[in-house]
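Structure record follows, encoded as structure tokens.
The sequence lines fix the lettering, A, B, ..., with proteins before strands; numbering per chain opens at 1.
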Amino acid sequence: MLARLRSGLHWNHPLTAHRVRRFPDMTEPGISQEGSTRSTRRLPPGGPPSPSLSTASVLELAALAGIPIDDEAMALRIAVGAGAAVTAVAAARTALQAADALDDALLGGEVADHLALLESLAGDGAR
Amino acid sequence: MSIPAVVDPCDLSLIEAATRLREGRLTSTALTESVLARAVWAQARTNCFLRLDADAARRAAALADERLAAARAAGVDLAATLPLLGVPLAHKDMFVGTGSSAGAAGGLLPSCGSRVREVVALLAAERSGAGMAAHPPAATVLARLEAAGAQAIGALNMAEFAFGATGHNAAFGDCRNAWQPEFVAGGSSSGSGAAVACGATALSIGSDTGGSVRIPAAANGVLGLKPTYGLLPRTGSMKLSPSIDTLGPIAHSVADLAAVLQIIAGADGGDALASRRVPPDYVASLGRGIEGLRIGVPRNHFFDVATPEVRAAMERCLAALEGAGARIVEVTVPDAAPLAELSRAVVYSEATALHAPQLRVEAERYTPQVRLRASTGLAIPGTVYLEALRLRLPLLGRFVREVFDRCDVLHTPTLPIPVPRRDETDVGAGSGLWEILAKLVHCTAPFNYLGLPAIAVPAGLDARGLPFSAQFVARPFAEATLLRVAAVQQRLLPMPRASGSRHAS
């Protein structure tokens with residue numbers, strides 16, 4: 001990554017700061033040949049399967065947080081609901097290409113930049 | 001010779017009523033009595049109110065009439081300074097009152113649609129009485145409406161803690177659909193949708209975290225605007241998921257939405273996540289028409305689960321808009337499928353964090369479905385939550401580039417399915433329950449996650465006499481464009497009132 005920085009990493013937006021200029025040494029957008037296993041690209045559509053928590057794990061987490069859970073059925077519903085959300089995050093991560101993710105995380109916009117990004121993308125130039 | 005229809009004052013649009021009040025053609029007392037009578041009717045039909053303070057409403061109306069008369073006598077036009085003077089309104093019961101109004105106001109803390117809050121409010125009152133704690137700040141949106149002369153007369157039903165899309169509420173009774181009470185009102189701003197549809201308030205402020213303004217607006221055949229994240233300050237309003245929550249108005253008339261948005265939009269210094277952009281002139285934009293406007297129809301995701309009758313209704317909509325000069329273009333929407341679930345990852349995590357103190361001490365006072373939803377964040381790792389928030393930046397950038405470079409507004413159904421019955425979406429309804437619940441937010445939740453503005457606009461009635469609704473989505477802070485499209489659609493596809501009265505503005 002440092003090499004890429006030195007070779008002229010280019011942000012096309014000061015806030016998102018997540019799009020890397022496509023360099024010749026990249027065979028695919030955002031993925032460098034160097035050091036990349038490209039394993040994420042082989043994942044099935046929709047993202048990698050995300051193992052749901054067991055009900056026992058949910059019950060343990062609830063106990064740690066001090067939040068009462070009635071029974072295993074409630075724990076199972078929580079595990080299923082949370083599992084779907086976790087899977088979606090994984091799918092989106094895959095869709096955005098994992099190789100960009102490290103740059104995004106370390107150098108990109110902050111979570112709190114959402115409003116600033118909305119403002120920067122604003123426009124009412126509708127005809 | 002035709003006989004002009006007699007219009008109940010409560011069926012006037014907000015702007016028309018306010019204009020008549022200033023001109024002396026209507027008194028606030030007459031308007032308020034009409035609204036109160038309609039509220040009683042609406043309550044029996046839909047259970048849309050949690051509180052209605054008739055005495056305070058009458059006192060406020062009498063005071064407004066004195067001020068209106070004094071202004072007329074002095075030749076002072078109040079249109080600029082007190083544009084809503086004498087108009088009674090009711091809002092979702094999730095706002096801290098201003099201390100000088102009735103209902104949700106009156107200094108009361110809101111119920112947030114939950115019995116849990118009774119205890120919280122009691123404790124807060126005790127602390128306040130003992131000088132141990134200050135009240136939370138009053139809701140800025142209510143304070144701004146009040147500063148414009150409007151009077152809050154009551155508080156409206158809602159899903160418990162705004163955590164439900166159907167309008168069921170086991171604590172205070174379900175809010176029912178204004179058109180046919182055996183069908184859902186939609187949620188979570190269920191009372192707002194039903195009360196506006198019934199004419200019990202010309203406009204109501206609700207909140208939208210997954211579709212909670214647009215879904216009840218759609219189910220009840222009225223308009224609902226979810227503004228861009230950050231346009232409306234949320235000071236003094238209940239939080240569900242602060243990274244996603246927006247407030248928004250529900251009304252019959254596009255002009256009312258525009259006028260009220262003008263009043264309530266803009267930073268207040270209290271909500272750190274409110275935009276400091278100066279809002280444009282929403283009212284002036286309404287008359288611009290849609291000649292040449294590009295309306296994008298998504299090829300993917302948003303129509304995937306739409307039923308044939310919903311598709312047909314949307315096609316009628318598009319044909320009407322095309323006839324008014326719009327250009328219809330097809331667009332492929334990037335990353336559409338996971339957006340709703342990404343939204344859930346954020347909402348569940350933040351809601352569990354917010355509710356944890358209460359869940360620890362009185363989980364049994366939550367209704368079962370809401371308790372389950374409010375506990376689900378337990379099982380979402382913090383890293384996943386933060387990743388869901390972080391992914392929002394590139395997803396938003398890509399969405400805006402790839403969609404709004406090709407069109408000015410995106411068109412989808414608000415609800416891809418006909419309005420469901422209450423019994424088929426209630427606890428114990430069977431395996432179909434989850435599928436229906438997922439479909440209710442299929443077209444709305446993605447835009448909460450991204451923070452984009454969206455509006456639900458009535459699009460006719462189905463064979464059962466229940467409303468269809470079209471949703472339009474635009475670039476950040478392009479609410480004026482959404483209101484333009486909605487104004488044209490409302491003109492081309494006028495909607496009757498659920499109460500049987502005709503819209504009169």
Please state whether the side chain, the backbone, both or neither of A340(B) comes within less than 4.5 Å of a heavy atom of chain A.
-> neither
Nearest heavy atoms of G81(A) and T376(B), plus distance in Å = C-CG2, 3.9 Å
Side chain H114(A), main chain L450(B), donor-acceptor under 3.5 Å | yes
Max heavy-atom pairs within cutoff under 4.5 Å with chain A, candidates D335(B), V400(B), L396(B), L389(B), goes to L396(B)
Check whether V384(B) gets within reach of chain A through its side chain, its backbone, both or neither, counting any heavy atom under 4.5 Å.
-> both
Bottom line for R276(B): the part with an atom under 4.5 Å from chain A's heavy atoms is backbone
Name the option with the most non-hydrogen atom pairs under 4.5 Å to chain A; the candidates are V409(B), L339(B), L386(B), L391(B).
-> L391(B)
Hey, mind stepping through I380(B) and V89(A) against side-chain contact (heavy atoms from CB on, under 4.5 Å) and telling me if it holds?
-> CA-CA 11 Å; I380(B) 298 175; V89(A) 173; over 6 Å; no
Salt-bridged, E387(B) to R93(A), with N to O below 4.0 Å?
-> yes
R77(A) side-chain N/O to L372(B) backbone N/O, donor-acceptor pair under 3.5 Å = no
Look up atom OH in Y229(B) and atom CG in L118(A), then write down how far apart they are to the nearest 0.5 Å.
-> 9.0 Å
Not counting sequence neighbours, which residues clear salt bridge (charged side-chain N to carboxylate O under 4.0 Å, His left out) with D271(B)? List them please.
-> R234(B)
Could you state the interatomic distance from CG (L359(B)) to CD1 (I69(A)), rounded to the nearest 0.5 Å?
-> 8.5 Å
Using atom types as modelled and distance alone, determine if a side-chain donor or acceptor of R360(B) lies under 3.5 Å from a backbone N or O of A65(A).
-> yes
What pair of heavy atoms forms the shortest contact from A62(A) to L378(B), and how long is it?
-> CB-CD1, 3.8 Å
A337(B) versus chain A, the contacting section by heavy-atom distance below 4.5 Å = neither
Taking G451(B), P338(B), A363(B), A388(B) one by one, which has the highest count of heavy-atom pairs under 4.5 Å against chain A?
-> G451(B)
Select one option (side chain, backbone, both, neither) describing which atoms of L64(A) are under 4.5 Å from chain B's heavy atoms.
-> neither
Which bit of S375(B) is near chain A, if near means a heavy-atom gap under 4.5 Å: side chain, backbone, both or neither?
-> both
Do T87(A) and E341(B) have a side chain donor and acceptor closer than 3.5 Å?
-> no
Can you name the nearest heavy-atom pair linking I78(A) to A379(B), along with the distance?
-> CG2-CB, 3.8 Å
Here the pair of heavy atoms bringing A92(A) nearest to L395(B) is CB-CD1, 4.3 Å
Nearest atoms (heavy-atom pairs only) where L115(A) meets L273(B) = CD2-O, 3.5 Å
May I ask you to name which of R277(B), R373(B), H355(B), R371(B) has the most heavy-atom pairs under 4.5 Å with chain A?
-> R371(B)
